[in-house]
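Worksheet for the structure shown next.
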Amino acid sequence: MRFETHKVVNSRIGEVDFDHLTFGETFSDHMFQMDYANDEWQVPKIVPFGKIEILPSLSALHYGQSVFEGLKAFRDRKGGVNIFRPDKHAERMLHSSDRLCIPRVEKDLFVGAVEALVTLDEQWIPKKKGTSLYIRPFTFATEDYIGVRVSEKYTFFIITGPVGAYYKEGFNPVSLMTSGEFVRAVRGGLGEAKTAANYAASLLPAHEAKKKGYSQVLWLDGVHEKYIDEVGTMNICFYKDGTLITPPLEGTILAGVTRDSVLQLARHWGIKVEERRISIDEVMASIKDGSMTEIFGTGTAAVISPVGELFHKGETVTINDNKTGPLAQRLFDEITGIQVGERPDPFGWVRHLDI
Ligand SMILES: *Cc1c(COP(=O)(O)O)cnc(C)c1O
């Protein structure tokens, strides 16, 4: 797909220290931009990454009408570039957009825009093992109006930026805690949309968890505060008696692309998979009796994030001696191997660009 393109005069790439990349701070030279007005998307274009002008009355700032995605592009070890499951991310953004009354960016356009932007800023994809180009598509309401209703104007952006290896000091397990006080989502709410509001709801509890020495909150369902939902930036998997268990997609959790990749691989390997409700009591009991040997989060940022410690109601349990388990390791190696073209891609996940 070709788009009207305004290239930067001077690239900023020389200013970037590719050996010390931190997530979310560095952005590539260009961005994709498309406005919505008069009931339709206007001409898309690629322009230099830079400031945008807004008024304080911008509706998204007040009522949070916004959705986003997060995906990655990698250097293929044999040459070219791989984008991981862009179609799946495009589909999820359709669902999120529908829930937030935001106009849809059709799948082909979404994928074509990502490809065009990655191709133009190909130099920004870092080369070291474990690194990638993070791609952030998002749409938000841009009408200058502070009445509460569906906005009539939007902008869809895609920005990208190089990110370093998530695991710099090895594949170390994280610690999680349940929140005795807060919930993240309830059925019928926004939990299954990738939208700003879910993060707004999670910031205070996550901040408090950090202060107590835990890396993230393990969310329990908002009704019974009993069944596991997810981690807020990751979905969660349990390995118990040789079965991989993960909470079902029942409206409160995000349908993670990594979650889907993990489930497909596990089934492909002949591992029994159950998408079912699992209570915190079952988790605590089966860690203690030794039947649950692994817990790990799944998400685009870390791919697999082993959980070594879990705090719930005054009690802390340790999983697999606070060490990464063999299934987490195997899934991590396989998915990251597919992403960089080192392992076969039996499910056609990778969109390869010959650049
Ligand atoms: C993005 C996200 C995830 C992980 O989804 P992936 O597609 O695997 O990156 C999980 N939970 C929430 C709430 C998220 O926003």
Side-chain angles (χ1 to χ4, degrees), residues 23-24 64 66-74 83-97 99-100 107 110-111 114 132-140 160 163 166 174 176 179 182-187 189-206 209 215-222 228-238 244 246-266 275 295-307 328 331-332 334-336 338-339 347 349-351:
F23 178 84
S66 69
V67 293
F68 67 98
E69 270 305 321
L71 63 160
K72 283 178 170 179
F74 304 83
I83 307 172
F84 193 65
R85 307 194 71 179
D87 47 338
K88 192 85 180 157
H89 287 276
E91 281 165 20
R92 186 169 65 192
M93 188 137 161
L94 297 178
H95 293 297
S96 303
S97 300
R99 180 63 182 83
L100 274 290
K107 195 165 141 180
F110 178 107
V111 175
V114 167
S132 59
L133 186 77
Y134 184 76
I135 304 164
R136 166 55 61 88
F138 58 108
T139 306
F140 61 100
T160 73
V163 292
Y166 194 88
V174 298
L176 300 181
S179 170
F182 302 105
V183 298
R184 174 186 172 272
V186 290
R187 209 161 166 179
L190 295 176
E192 63 182 350
K194 207 166 176 78
T195 178
N198 288 323
Y199 285 80
S202 72
L203 290 177
L204 173 65
S215 29
Q216 290 198 55
V217 175
L218 176 65
W219 293 107
L220 302 181
D221 78 277
I228 310 286
D229 262 356
E230 61 159 302
V231 185
T233 57
M234 298 188 294
N235 296 108
I236 188 101
C237 290
F238 304 91
L244 185 64
T246 196
L249 303 177
E250 289 183 325
T252 58
I253 67 171
L254 197 81
V257 175
T258 319
R259 174 188 182 279
D260 181 78
S261 307
V262 161
L263 298 187
Q264 280 195 57
L265 275 176
E275 290 177 73
I295 303 181
F296 50 87
T298 68
T300 295
V303 184
I304 302 291
S305 181
V307 178
L331 285 162
F332 180 80
E334 192 70 19
I335 294 173
T336 54
I338 293 171
Q339 288 171 333
F347 307 103
W349 286 337
V350 161
R351 175 84 184 99

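None of the values given here were measured: they were computed from a predicted structure. Both ligands and their constituent atoms are indexed starting at 1 by order of listing. Below, all heavy atoms of this structure are taken into account, side chains as well, without hydrogens, waters or symmetry copies.
Closest to atom 4 (C) of ligand 1 among all protein heavy atoms lies Thr233 O, 3.7 Å. Protein heavy atom in closest approach to atom 8 (O) of ligand 1: Thr258 OG1, 2.6 Å. In terms of protein heavy atoms, atom 13 (C) of ligand 1 is closest to Gly232 O, 2.9 Å. At the top of the distance list for atom 1 (C) of ligand 1, counting protein heavy atoms only, stands Lys194 NZ, 1.4 Å. Nearest protein heavy-atom contact of atom 9 (O) of ligand 1 is Thr300 OG1, 2.6 Å. Nearest protein neighbour of atom 15 (O) of ligand 1, counting heavy atoms only, is Tyr199 OH, 2.4 Å. The protein heavy-atom contact nearest to atom 11 (N) of ligand 1 is Glu230 OE1, 2.5 Å.
Asp260 places a side-chain heavy atom less than 4.5 Å from the side chain of Lys88. For the pair Cys237/Thr246, a side-chain contact is recorded, criterion being any heavy-atom separation below 4.5 Å from C-beta on. At least one side-chain heavy atom of Arg92 sits less than 4.5 Å from a side-chain heavy atom of Val257. Residues Leu100 and Leu190 are in side-chain contact: their nearest non-hydrogen atoms beyond the backbone lie under 4.5 Å apart.
Applying the 4.0 Å criterion to heavy atoms of Gly256 picks out, from ligand 1, the atoms 5 (O), 6 (P), 7 (O), 8 (O). Less than 4.0 angstrom separates some heavy atom of Asn235 from each of these atoms of ligand 1: 10 (C). Taking a cut-off of under 4.0 Å to the non-hydrogen atoms of Arg184, the atoms of ligand 1 that pass are 13 (C).
A distance of 5.0 Å separates CG in Asn235 from CD in Glu230, rounded to the nearest 0.5 Å.
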Margin query: Quick one, Glu192 with Arg99, criterion salt bridge (charged side-chain N to carboxylate O under 4.0 Å, His left out). Give me CA distance, side-chain angles, the key distance, then yes/no.
Written below: CA-CA 9 Å; Glu192 63 182 350; Arg99 180 63 182 83; over 6 Å; no
Next item on the list: In sequence, state the C-alpha distance, the side-chain angles, and the governing distance for Phe332 and Tyr166, and then conclude on ring-ring contact (aromatic ring centres under 6.0 Å, His included).
Entry: CA-CA 12 Å; Phe332 180 80; Tyr166 194 88; 9.2 Å; no
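Residue Leu254 touches ligand 1 through its side chain alone, judged by heavy-atom distances below 4.0 Å. Contacts with ligand 1 closer than 4.0 Å are made by backbone heavy atoms (N, CA, C, O) of Met234 only, the side chain lying farther away.
Note on Glu69 versus Lys194: no salt bridge recorded, every NZ/NE/NH1/NH2 to OD/OE distance being 4.0 Å or above.
Of the polar atoms of Val257, at least one N or O is found under 3.5 Å from an N or O of ligand 1, judged by distance alone.
For Tyr134 and Phe23, the ring centers sit closer than 6.0 Å to each other.
Within the 4.0 Å heavy-atom shell around ligand 1 one does not find Gly70. Residue contact check for ligand 1: Arg92 places a non-hydrogen atom closer than 4.0 Å to it.
Between the side chains of Arg85 and Ser261, a donor-acceptor pair is found at a separation under 3.5 Å.
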